Each structure stands twice: as C-alpha cells, then as structure tokens.
Amino acid sequence: MAKRDYPLAKVYGLLEPGPVVLLATAGKARPNLMTLSWLTMVEFVPPLVACVLSDRDYSHGLLKKYRDCTLNIPTSELAEQVVAVGNCSGRDIDKFQAFGLTPKPAARVAAPLIEECYASLECRVYDTRMVNKYGLFVLEVIQAWVDTAVKNPKTLHHRGKGVFMVAGETIRLESGML
Ligand SMILES: Cc1cc2nc3c(=O)[nH]c(=O)nc-3n(C[C@H](O)[C@H](O)[C@H](O)COP(=O)(O)O)c2cc1C
C-alpha cells in the first residue's frame, strides 16, 4: 500500500463508524431533527450509544431538556434529506415539514420516530457526565423498531464534506465471534 501523509483534520472521515442517523427530539412547539454521524456503541445490553452533539446545535439543548430522543437510520434514498437536515437549524424551521419527513408517535419516549427510516431506536439519556466537556451524551436504547424486510440496508457512512460511502452487501463468516 502506497500510504502518504494525511491531514489530521481529515482523520475523522477514516474512522467514523456510521451509519449516519437522524436524531429526533421532542419540542414545545414542534419536534426537531438533526443529522448525526459521530456515534458509537459502548455496551451490548442494555444497548448504550455515545453521541456527540455540538452545543451550537438546537438539538443539544432539546436533548438536555427533554432527556429522550430517537435515532433513525436512513438509507441512501434519503441522502438529500439527510444532508439538508444537517445544514439548517430547527430554531428557524420545521425540518419534518421542510424536508417531507413524517413524524410518528414513539411507544416509550416523547420524541417522534421517522416513518421513512428503515430502523428507529427510542432512547433516553443515560449519562451526561461528558456533555459539558465534549457534547457527548450516552443514550440507552429502550425500544427498537426495524423493517426486517430490508435485507441489505444501504446505510450512509460519512466520509466528510458531503461525501458518503454506501453500505449494502452482507457477508457472513462462520467464525464470527459476536
Ligand atoms: C453528514 C452530517 C453529519 C453530521 N454529524 C454531526 C454530529 O455527529 N454531531 C453534530 O453535532 N452535528 C453533526 N452534523 C451537523 C448538524 O446536523 C447540524 O448542525 C444541524 O443543522 C443541527 O440542527 P439543529 O440546530 O436543529 O439541532 C452533521 C451534519 C451532516 C450533514
């Protein structure tokens, strides 16, 4: 491999685990949405997910206030909406209406599910100890919804600056441990 020096500012694009999700929060006037790609699993059961939300995002304050959200996993058909949602703020507009996405009531949290996404996870805030320093919320998934008819979800994986890798092919290895 002919590897070359690579800018540190671009490293995140190599390591981002993805998939890109749409994080929905409840709100007094209306629910909100943001695009989020900085997330990682931190525990199997209960499923815990760490997410970084900038304190400049309106969603950051909503998540602190309402203490629950949904993580909705879009596939490539929604790529344009994913980018659009991530380039404006719910302070100014109703993103569900603006981008043709449908909020559906969740079973166990106040935040809505997004109908158009093939999987939706209802989460409550589990640990806020790193919120002030890093904007890092640890969420507990308390209810999961998946359309299992979607066999090879073409999820989006952000490589930076509007470039995405699209997943799709599934391979199964007998020796897989997990
Ligand atoms: C592909 C993509 C990935 C993003 N990932 C994150 C992220 O992981 N954390 C974050 O704070 N903002 C992320 N953003 C930016 C937010 O989605 C953006 O600031 C959004 O407009 C915030 O909306 P809000 O003010 O309504 O909360 C991402 C944007 C895009 C387009």
Side-chain angles (χ1 to χ4, degrees), residues 8-42 47-103 106 109-114 116-121 123-141 153-168:
L8 294 179
K10 290 185 171 182
V11 166
Y12 75 95
L14 301 173
L15 290 179
E16 269 192 21
V20 177
V21 299
L22 294 172
L23 184 150
T25 35
K28 194 169 173 206
R30 54 178 187 243
N32 191 39
L33 277 177
M34 70 173 280
T35 303
L36 182 127
S37 55
W38 285 15
L39 78 171
T40 185
M41 292 305 301
V42 291
L48 299 180
V49 187
C51 298
V52 177
L53 281 76
S54 161
D55 60 7
R56 292 185 301 275
D57 294 333
Y58 184 47
S59 304
H60 179 110
L62 292 175
L63 187 55
K64 259 187 181 164
K65 182 168 176 190
Y66 291 96
R67 299 190 69 84
D68 75 39
C69 67
T70 63
L71 298 179
N72 301 272
I73 310 179
T75 45
S76 57
E77 298 78 16
L78 294 176
E80 289 196 8
Q81 283 107 314
V82 165
V83 171
V85 165
N87 279 285
C88 60
S89 180
R91 286 183 195 94
D92 313 314
I93 57 162
D94 177 341
K95 296 198 204 181
F96 277 99
Q97 200 174 54
F99 304 117
L101 296 166
T102 315
V109 298
L113 310 173
I114 304 175
E116 289 78 7
C117 291
Y118 95 96
S120 293
L121 310 175
C123 304
R124 63 178 164 222
V125 172
Y126 183 85
D127 190 337
T128 54
R129 279 175 292 182
M130 286 193 278
V131 169
N132 287 344
K133 193 163 183 190
Y134 299 113
L136 189 150
F137 292 80
V138 178
L139 307 174
E140 177 184 0
V141 181
K154 292 187 167 49
T155 51
L156 297 164
H157 302 260
H158 191 215
R159 297 185 62 185
K161 307 277 180 212
V163 177
F164 297 87
M165 211 153 53
V166 179

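Since the model is a prediction, treat every value here as computed from it, not as a measurement. Ligands are counted one by one from 1 in listed order, and the atoms in each one are counted from 1 as well.
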Could you check [atom] against the protein and tell me its nearest heavy-atom contact, residue, atom and distance included?
| atom | answer |
| --- | --- |
| atom 27 (O) of ligand 1 | Ser59 OG, 2.5 Å |
| atom 29 (C) of ligand 1 | Gly86 O, 3.8 Å |
| atom 23 (O) of ligand 1 | Lys95 NZ, 3.0 Å |
| atom 9 (N) of ligand 1 | Val52 O, 2.9 Å |
| atom 25 (O) of ligand 1 | Ser89 OG, 2.7 Å |
| atom 28 (C) of ligand 1 | Thr35 O, 3.4 Å |
| atom 19 (O) of ligand 1 | Asp57 OD1, 2.7 Å |
| atom 5 (N) of ligand 1 | Ser37 N, 3.1 Å |

Show your working on side chain to side chain donor-acceptor pair (under 3.5 Å) between Asp57 and Ser59 and close with a plain yes or no.
CA-CA 5 Å; Asp57 294 333; Ser59 304; 6.0 Å; no
If the cut-off is 4.0 Å to any non-hydrogen atom of [X], which atoms of ligand 1 fall inside it?
| X | result |
| --- | --- |
| Trp38 | 8 (O) |
| Tyr58 | 24 (P), 25 (O), 26 (O), 27 (O) |
| His158 | 1 (C) |
| Leu53 | 11 (O) |

Could you see which bit of [X] sits under 4.0 Å from ligand 1, with heavy atoms only: side chain, backbone, both or neither?
| X | result |
| --- | --- |
| Arg56 | neither |
| Asn32 | side chain |
| Leu62 | neither |

Do [X] and ligand 1 have an N or O pair less than 3.5 Å apart?
| X | answer |
| --- | --- |
| Val82 | no |
| His60 | no |
| Cys88 | yes |

Any donor-acceptor N/O pair, Lys95 side chain to Val85 backbone, under 3.5 Å
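Side chain of Lys95 to backbone of Val85: a pair is present.
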How far does [atom1] of [X] sit from [atom2] of [Y], to the nearest 0.5 angstrom?
| X | Y | atom1 | atom2 | result |
| --- | --- | --- | --- | --- |
| Leu62 | Leu33 | CG | CG | 11.0 Å |
| Cys69 | Leu23 | SG | CG | 4.0 Å |
| Cys117 | Ile73 | SG | CD1 | 8.5 Å |

Would you name the heavy atoms of Gln81 and Phe99 that are closest together and state the gap between them?
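So the two residues come closest at CG-O, 3.3 Å.
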Could you go through the side chain to side chain contact (heavy atoms under 4.5 Å, CB included) check for Tyr58 and Thr25 one step at a time?
CA-CA 10 Å; Tyr58 184 47; Thr25 35; over 6 Å; no
Below 4.0 Å from ligand 1: does a non-hydrogen atom of Val20 turn up there or not?
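It does not, in that no heavy atom of Val20 comes within the 4.0 Å cut-off of ligand 1.
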Can you find a non-hydrogen atom of Leu156 under 4.0 Å from ligand 1?
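Not so, Leu156 does not reach ligand 1.
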Under a 4.5 Å cut-off applied to non-hydrogen side-chain atoms, are Val52 and Tyr134 in contact?
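No; the side chains remain at least 4.5 Å from each other.
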